[in-house]
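Worksheet: the structure to be examined is printed underneath.
Letters A, B, ... mirror the listed sequences (proteins, then strands); counts begin at 1. Heavy-atom basis, side chains included; hydrogens, waters and symmetry copies ignored. Just so we're clear, the structure is a prediction, and the values are computed from it rather than from any experiment.
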There are 2 protein chains.
Amino acid sequence: MGLTKTEIFTAEQNQLAQLLKAMAHPARIAILQRIMASNTCICGDLVDELGLAQATISQHLKELKNAGIIQGTIEGVSVCYCINPEIWGLMTAQIGTFLNAYKGPVSCC
Amino acid sequence: MGLTKTEIFTAEQNQLAQLLKAMAHPARIAILQRIMASNTCICGDLVDELGLAQATISQHLKELKNAGIIQGTIEGVSVCYCINPEIWGLMTAQIGTFLNAYKGPVSCC
DNA sequence: ATATTCTATTGTAATATTACGATTAAGCTT
DNA sequence: AAGCTTAATCGTAATATTACAATAGAATAT
């Protein structure tokens, strides 16, 4: 045990869960907010601004990158991260569809 | 180590992360979708319809309840779960604000 | 070439999550 | 009361996550 039974769920459910999971950590939310705040991308600034070790930031960035939410390009000696516009759009739509499926309290407990 | 350093993040970041985390599992997404599908609430139906053990479903329901996303009322011998309208609304707004903070690719990598 | 800077990776410890069998608790039914 | 149904809880095993020090890799600067 201990591992999610992905095979019993739909691809959409698994994908949505994966995207939500990628953002479901305060550090990663902070990272995404920081990237969005400066249109121009950043990188090692995150290490200074958030109070986490460099290895930890790098690990969080990797998770966001694996989920496809951000992308990084090497800019000389440093790495420039930014939002992946397509994935962000798809994700926003997918989350919106899910959340808007709720049509208020009809007759419930 | 091994525990999230919540103290270095804002209350908003921690709260949003917590809500996202509560939904960041295909089983919990399936549960929420199932609850939304039948306006009228369900309970043990989930055990039959999802392919997970009763204890596992109960555990997932508990997490959703802890996050405030759903609420359960005892209905005789069974328990009726439904969406918590207020939290759902707040959550939708909070996630929307976060996702809409991204204003497309301005000049990035 | 050597040093410096920046980031990724490796290794590791602490903790959390996921899943399920077994048990308990609470409410009907007879 | 005794039995049945439904759901929560406990205990446990397997795996995943979070965080960091230490190290490695890659590009620039001296």
Side-chain angles (χ1 to χ4, degrees), chain A residues 1-9 13-14 17-32 34-35 41-67 70-82 109, chain B residues 1-9 13-14 17-32 34-35 41-67 70-82 109:
Chain A
M1 276 97 245
L3 79 173
T4 300
K5 286 180 137 185
T6 51
E7 70 277 8
I8 66 172
F9 303 106
Q13 289 168 335
N14 284 317
Q18 203 175 6
L19 288 168
L20 291 173
K21 191 174 171 187
M23 297 191 299
H25 191 287
R28 293 196 288 273
I29 288 173
I31 287 172
L32 291 172
R34 180 64 179 74
I35 292 180
C41 319
I42 26 123
C43 60
D45 302 343
L46 293 162
V47 180
D48 302 327
E49 300 180 20
L50 310 181
L52 290 170
Q54 184 266 321
T56 308
I57 297 287
S58 197
Q59 200 171 295
H60 283 304
L61 286 169
K62 192 179 174 185
E63 277 188 70
L64 288 169
K65 205 163 56 173
N66 282 345
I70 63 171
Q71 56 198 182
T73 23
I74 298 168
E75 197 110 321
V77 85
S78 52
V79 175
C80 167
Y81 281 102
C82 61
C109 38
Chain B
M1 272 99 251
L3 79 173
T4 300
K5 287 179 135 186
T6 52
E7 69 277 8
I8 66 172
F9 303 106
Q13 289 168 336
N14 284 316
Q18 203 175 5
L19 288 168
L20 291 173
K21 191 174 171 187
M23 299 191 298
H25 191 286
R28 294 196 288 274
I29 288 173
I31 288 172
L32 290 172
R34 181 64 178 74
I35 293 180
C41 318
I42 25 122
C43 60
D45 302 342
L46 292 163
V47 179
D48 302 328
E49 300 181 19
L50 310 181
L52 290 171
Q54 184 266 320
T56 308
I57 297 286
S58 197
Q59 200 171 296
H60 283 304
L61 286 168
K62 191 180 176 185
E63 277 187 71
L64 288 169
K65 205 163 56 174
N66 283 345
I70 62 170
Q71 56 198 183
T73 24
I74 297 168
E75 198 109 324
V77 84
S78 53
V79 175
C80 167
Y81 281 102
C82 62
C109 38

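Rounded to whole Å, the distance from CD1 on A/Ile31 to P on C/dT7 is 12 Å. Note: CD1 (A/Ile74) to P (D/dA26) measures 9 Å, nearest angstrom. Atom pair B/Phe9:CZ and D/dT18:P shows a separation of 11 Å (rounding to whole Å applied). Distance NE2 (A/His60) to C1' (C/dA8): 15 Å, rounded to an integer number of Å. Taking atom NZ of B/Lys21 as the reference point, atom P of D/dT18 lies 7 Å away to the nearest angstrom. The distance between atom CG of B/Asn66 and atom P of C/dA16, rounded to the nearest whole Å, is 14 Å. Rounded to an integer number of Å, the gap from A/Lys5 NZ to C/dA19 P is 8 Å. Between the C1' atom of C/dA16 and the CD atom of B/Glu63 lies a distance of 10 Å, rounded to the nearest Å.
Partners of A/Ser58 under the side chain to side chain contact (heavy atoms under 4.5 Å, CB included) rule, at least two apart in sequence or in another chain, are A/Gln54. The side chain to side chain contact (heavy atoms under 4.5 Å, CB included) test applied to A/Gln59 returns no partner, not counting sequence neighbours. The side chain to side chain contact (heavy atoms under 4.5 Å, CB included) search around A/Lys62 returns A/Asn66, not counting sequence neighbours. Take B/Ile74 and apply the side chain to side chain contact (heavy atoms under 4.5 Å, CB included) test, not counting sequence neighbours, and it matches B/Val79. With sequence neighbours left out, the side chain to side chain donor-acceptor pair (under 3.5 Å) criterion links B/Glu75 to no other residue. Under the side chain to side chain donor-acceptor pair (under 3.5 Å) criterion, B/Gln13 pairs with A/Gln33, B/Thr10, not counting sequence neighbours. The side chain to side chain donor-acceptor pair (under 3.5 Å) test applied to A/Gln18 returns no partner, not counting sequence neighbours.
Between the CG atom of A/Leu20 and the NZ atom of B/Lys21 there is a distance of 13.5 Å, given to the nearest 0.5 Å.
Backbone-only engagement by B/Leu52 is indicated by non-hydrogen atom pairs under 4.0 Å involving sugar-phosphate atoms exclusively.
If one axis is set at each end of the helix from C/dA1-D/dT30 to C/dT30-D/dA1 from five pairs, those axes are 10° apart, to 10°.
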Using a 4.0 Å heavy-atom cut-off to protein, can you give one letter per nucleotide of nucleotides 6-12 of chain D, 5' to 3': B if the base is in contact, S if only the sugar-phosphate is, - if neither? SBBB---
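Using cut-offs of 30° and 60° on the angle between ring planes, the pair A/His25 and B/Phe9 is perpendicular.
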